[in-house]
Amino acid sequence: MGTFCSVIRFENLQELKRLCHWGPIIALGVIAICSTMAMIDSVLWYWPLHTTGGSVNFIMLINWTVMILYNYFNAMFVGPGFVPLGWKPENSQDSMYLQYCKVCQAYKAPRSHHCRKCNRCVMKMDHHCPWINNCCGYQNHASFTLFLLLAPLGCIHAAFIFVMTMYTQLYNRLSFGWNTVKIDMSAARRDPLPIIPFGLAAFAATLFALGLALGTTIAVGMLFFIQMKIILRNKTSIESWIEEKAKDRIQYYQLDEVFVFPYDMGSRWKNFKQVFTWSGVPEGDGLEWPIREGCHQYSLTIEQLKQKADKRVRSVRYKVIEDYSGSCCPLNKGIKTFFTSPCTEEPRIRLQKGEFVLATRGLRYWLYGDKILDDSIIEEALVS
C-alpha cells in the first residue's frame with residue numbers, strides 16, 4: 001500500500017482531469033477495443049488456453065496491453081517538466097541571450113518554449129500532443145516514444161489474431177457448390193463447440209477491431225519513425241523547424257555563415273542516450289545541456305532572437321476584408337477552406353473587417369501570423 005501511495009501522489013490525482021479530453025478518450029478507446037477483442041478471440045475462437053501456444057499468446061497480449069498503458073500514462077501524468085516560475089540564469093549577463101515569458105514571469109531556458117495549452121514554459125518542448133492531452137518534452141519524451149513503438153507492435157499481434165480468427169471460423173462454415181460458395185453463420189463444425197458462438201455480431205466486431213488495429217499500426221508507426229529520426233539527431237520537432245528557418249535566413253540574406261546545431265553530440269548512440277537511459281530518468285536537469293565543440297550554450301536561443309527580428313522585417317501585412325469568428329473549421333468560408341484546415345490545436349484569431357494581421361508564413365488557404373492591436377502584437381496563431 002505504501003508503494004502505491006508513493007506513486008499516486010496528490011498532485012497526480014489532480015492530473016486526472018487530463019483524461020477528460022477527446023484525445024485520451026479516443027486513444028484509450030482504441031486500446032480497449034483492440035485489446036479486449038484480441039483476448040476474446042484468443043480465448044473463445046482461435047487458440048484455446050489448454051494449449052501451450054494459446055497460453056503464450058494470451059500472456060503476450062496481456063503484456064502488450066500493460067506496457068502500452070504504462071508508457072501512455074507515464075507520458076500523460078509525468079509530463080514534460082516545466083521551467084520553474086520566475087526562473088532566471090545564474091549569470092545575470094546570460095539573460096541577454098534569452099527570451100522573457102510574460103505569462104510565466106521567467107526567462108525561457110535553452111530548448112524551452114511556452115505552450116499555450118499547458119500555459120507554462122516546457123523544458124525541451126517537442127510538441128503538445130492531443131492524444132495524451134499534455135506536452136511531449138524533457139521528462140516524458142522516452143515514455144512517449146516507447147508508447148509509439150509498443151502500440152503498433154501490439155496492434156500487429158492483435159491484427160494477426162483477428163485475421164486468423166475470421167479465417168478459421170469462416171473456413172468451418174464454408175460449403176462449396178458447382179457455381180456457388182455459401183457461408184453458414186449459424187453454427188461451426190468444430191468439436192468442442194465454443195462457449196459463445198461466433199455469429200454475425202462477433203464477425204462484425206472482429207472486423208471493426210481489425211480496421212482499428214491496422215489504422216493504428218500505420219498512423220502511430222509513422223509517428224514513431226518521425227520521433228526516432230529527430231531523437232537520433234538530438235533534436236525536437238520545434239528545433240528542426242528552427243534549423244530550417246536558420247538555413248532559410250542565411251540563404252535569403254546571402255550571409256557568409258553556417259548554422260551548426262549545438263546539441264548534436266556527433267554520434268547517434270550518444271544522441272540516443274540523451275533521451276533513453278536505463279534508469280528511465282533523462283540526462284541533465286532540463287535547463288542546461290551538453291553542447292558540441294565550437295558551439296555556445298545559447299547558440300540556439302541567439303538564432304531564435306535573430307529569427308524573431310527577421311520575422312518582423314520579412315512578414316507581410318494584410319488587411320482583413322471579411323469577419324472571421326475564429327472557429328477551427330469555418331463552414332462559411334468555402335468547402336476548400338473547411339477541408340484544408342490545419343490539423344493543429346493552435347488557437348485561431350478572431351478577426352473583424354478592417355483589422356490588420358502580420359503574416360509570418362502561410363499555407364494555401366491559411367496564414368500563420370499575428371494580429372496587430374494598437375501597435376502591439378498578440379501571440380502567434382492561425383488565421384484563414
Side-chain angles (χ1 to χ4, degrees), residues 7 9 11-12 15 18 70-90 94 97-101 103-149 223-224 226-243 261-265 267-292 295-301 303-304:
V7 175
R9 301 187 300 270
E11 55 265 30
N12 296 129
E15 291 288 309
R18 292 192 181 277
Y70 173 79
N71 285 283
Y72 179 82
F73 287 126
N74 245 6
M76 178 186 291
F77 294 129
V78 171
F82 301 108
V83 178
L85 296 175
W87 180 86
K88 58 183 179 180
E90 295 181 1
D94 291 341
Y97 303 120
L98 301 173
Q99 299 183 56
Y100 186 78
C101 178
V103 178
C104 299
Q105 296 292 306
Y107 286 95
K108 295 181 182 179
R111 312 190 78 177
S112 68
H113 302 273
H114 186 83
C115 175
R116 300 185 190 94
K117 292 291 181 180
C118 298
N119 204 32
R120 289 288 300 274
C121 286
V122 178
M123 296 178 179
K124 194 188 174 186
M125 180 178 176
D126 185 85
H127 68 288
H128 184 91
C129 178
W131 304 111
I132 62 173
N133 194 21
N134 206 342
C135 277
C136 174
Y138 165 67
Q139 290 184 350
N140 64 351
H141 203 174
S143 296
F144 180 77
T145 306
L146 286 174
F147 165 72
L148 297 182
L149 170 64
L223 292 177
F224 169 73
I226 293 173
Q227 284 296 314
M228 283 306 302
K229 182 178 179 180
I230 61 176
I231 286 175
L232 293 177
R233 298 176 181 177
N234 201 16
K235 298 178 183 177
T236 64
S237 300
I238 295 176
E239 290 168 351
S240 296
W241 173 247
I242 293 173
E243 186 178 30
F261 187 72
Y263 305 114
D264 187 348
M265 298 291 98
S267 165
R268 291 186 177 182
W269 176 242
K270 291 181 180 179
N271 292 337
F272 181 84
K273 290 193 297 182
Q274 289 291 309
V275 177
F276 296 96
T277 60
W278 288 111
S279 64
V281 180
E283 292 189 3
D285 59 0
L287 300 174
E288 294 185 3
W289 305 91
I291 57 175
R292 65 187 302 168
C295 293
H296 191 270
Q297 180 66 234
Y298 301 107
S299 294
L300 192 66
T301 55
E303 175 59 33
Q304 287 179 261

Closest non-hydrogen atom pair, P80 against C136: CB-C, 4.1 Å

L287 vs M123 side-chain heavy atoms within contact, under 4.5 Å: yes

Counterpart residues, side chain to side chain contact (heavy atoms under 4.5 Å, CB included), relative to R292 (two or more places apart): V260, D264, C295

Side-chain (T301) to main-chain (Y298) donor-acceptor, under 3.5 angstrom: yes

From H296 atom NE2 to E303 atom CD, the distance as rounded to the nearest 0.5 Å: 14.5 Å

Over all atoms of both residues, closest heavy-atom pair of I132 and A75: CD1-O, 3.9 Å

Validation row: D126, F144 side chains within 4.5 angstrom (heavy atoms): no

Full working for side-chain contact (heavy atoms from CB on, under 4.5 Å) between K117 and V122: CA-CA 11 Å; K117 292 291 181 180; V122 178; over 6 Å; no

CA sep, side-chain torsions, deciding dist, call: T145, M228, side-chain contact (heavy atoms from CB on, under 4.5 Å): CA-CA 8 Å; T145 306; M228 283 306 302; 3.9 Å; yes

Contacts of type ring-ring contact (aromatic ring centres under 6.0 Å, His included), residue W278, not counting sequence neighbours: none

Separation of H113 NE2 from C115 SG (nearest 0.5 Å): 11.5 Å

Side-chain touch L98/P110, heavy atoms, less than 4.5 angstrom: yes

Residue pairs, two or more places apart or on separate chains, that pass salt bridge (Lys or Arg N to Asp or Glu O under 4.0 Å) and touch residues 226-242: R111-E239, K235-E243

Shortest non-hydrogen contact from A106 toward L85: CB-C, 4.3 Å

Close side-chain approach of I230 to S237, heavy-atom, < 4.5 Å: yes

Interatomic spacing from CG in N74 to CD in Q139 - rounded to 0.5 Å: 10.5 Å

Pairwise distance CG(L146) to CG(N140) - rounded to 0.5 angstrom: 11.5 Å

Heavy-atom side-chain proximity of P290 to Q274 below 4.5 angstrom: yes

N133 side chain vs R18 backbone, donor-acceptor pair below 3.5 Å: yes

Stepwise side-chain contact (heavy atoms from CB on, under 4.5 Å) test for H141 and Q227: CA-CA 9 Å; H141 203 174; Q227 284 296 314; 2.7 Å; yes

Separation of K270 NZ from N234 CG (nearest 0.5 Å): 12.0 Å

Heavy atoms from other residues, nucleotides or ligands near OH of Y100 exceed 12 (cutoff 6.0 Å): yes

Minimal non-hydrogen separation, H128 against P130, with atom names: O-CD, 3.5 Å

Parallel, tilted or perpendicular: ring planes of W289 versus Y138, cut at 30 and 60 degrees: perpendicular

Distance in Å, N71 CG paired with S143 OG, rounded so as to fall on 0.5 Å steps: 5.0 Å

Partner residues of F73 under the ring-ring contact (aromatic ring centres under 6.0 Å, His included) criterion, sequence neighbours left out: F77

Closest heavy-atom pair and its distance - A109, W87: CA-CZ3, 3.7 Å

Closest approach of L149 to F224 (non-hydrogen atoms, all atoms of both residues): CB-CE1, 3.6 Å

Salt bridge (Lys or Arg N to Asp or Glu O under 4.0 Å) partners of residues 272-290, not counting sequence neighbours, each pair once: none

Any residue meeting ring-ring contact (aromatic ring centres under 6.0 Å, His included) with F147, in chain and number order, not counting sequence neighbours: Y72

